Amino acid sequence: MTERKSLYVFLDLDNTILDFAKAERTALAQALSERGVTPTDEMLCRYSEINLACWEELEKGNWTRAEVLVRRYERLIAEFQLSLDAQEIQRRYEQLLHEGHDILPGAEDLLKTLFARYELYLASNGTDSVQRSRIEKSGIGKYFKEIFVSERMGAVKPQREFFEACFARIPGFEPSRAIMVGDSLTSDIRGGINAGIRTCWFNPEGKSLREDIRPDYVICSLDELPEILERL
Ligand SMILES: [Mg+2]
């Protein structure tokens, strides 16, 4: 039997454990269809890019969450000259997003393995009700000691305040025994660095590293993670 070690493992949710790309696409396609707009591949792909760029504005502290949620649709509507109301699409999209809970390949096996050995925490940027609904429907909630969603923490990844609020809720927490694992360099990895803990970048698409954000570890498949954690 493997000895249980004290290690605090913070996992990102979207595109690390749950398939957010699919959830987003499905919810947006339906929201558009309901409003009489035929969702094209180009539109859905472009939305995904716009959405990421908008969340980066939040990560940089330029926009509030509320601004991100609506402006991403304002941009999409402007680019594709759609006659839609951004607020309305946002509301419907978010309702539909509650349903998106496909687990990424290998993620549940990973959670089972890690759950037997370490303390797991979810650290997610997003809307609290949406994330909790998706976690519940996917059945992965049982693996986590606590679920930290930015909306409720009063700060977002990569802000140090987000992580400090998480750490404050963990009795006996030691930063030297913690690691943040996620697919985003700008929120997960920069956040972990800001908070003074180890970081592991999940990079399944083989994206290039950035000079200014250096993770301690890089994995392209989730099944590489247990071995890395074993060495800590
Ligand atoms: Mg993510």
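Indexing begins at 1, ligand by ligand and atom by atom, following the structure's order. This is a predicted model, so every value here is computed, not measured.
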Subject >> R65, CZ: over 12 other non-hydrogen atoms inside 6.0 angstrom >> reply: yes
Original post:
For atom CZ of R160, is the number of surrounding heavy atoms from other residues, nucleotides or ligands below 6.0 Å larger than 12?
Top reply: no
Original post:
Under 2.8 Å from the Mg ion (ligand 1), how many protein N/O/S atoms can be counted?
Top reply: 3
Original post:
Linking I/L/V/M/F/W/Y whenever their side-chain heavy atoms sit closer than 4.5 Å, directly or via other members, would V70 and Y47 fall into one cluster?
Top reply: no
Original post:
Which other residues belong to the hydrophobic cluster containing F10, where Ile, Leu, Val, Met, Phe, Trp and Tyr are joined when side-chain heavy atoms lie under 4.5 Å apart, directly or via other members?
Top reply: Y8, Y121, F148, M153, F162, F163, F167, I170, F173, M180, I197
Subject >> Verdict with reasoning, R91 to E88, per salt bridge (charged side-chain N to carboxylate O under 4.0 Å, His left out) >> reply: CA-CA 5 Å; R91 269 197 301 275; E88 196 186 343; 5.8 Å; no
Original post:
Would you say the side-chain atoms of S187 pair up with the backbone N or O of P158, donor to acceptor, closer than 3.5 Å?
Top reply: no
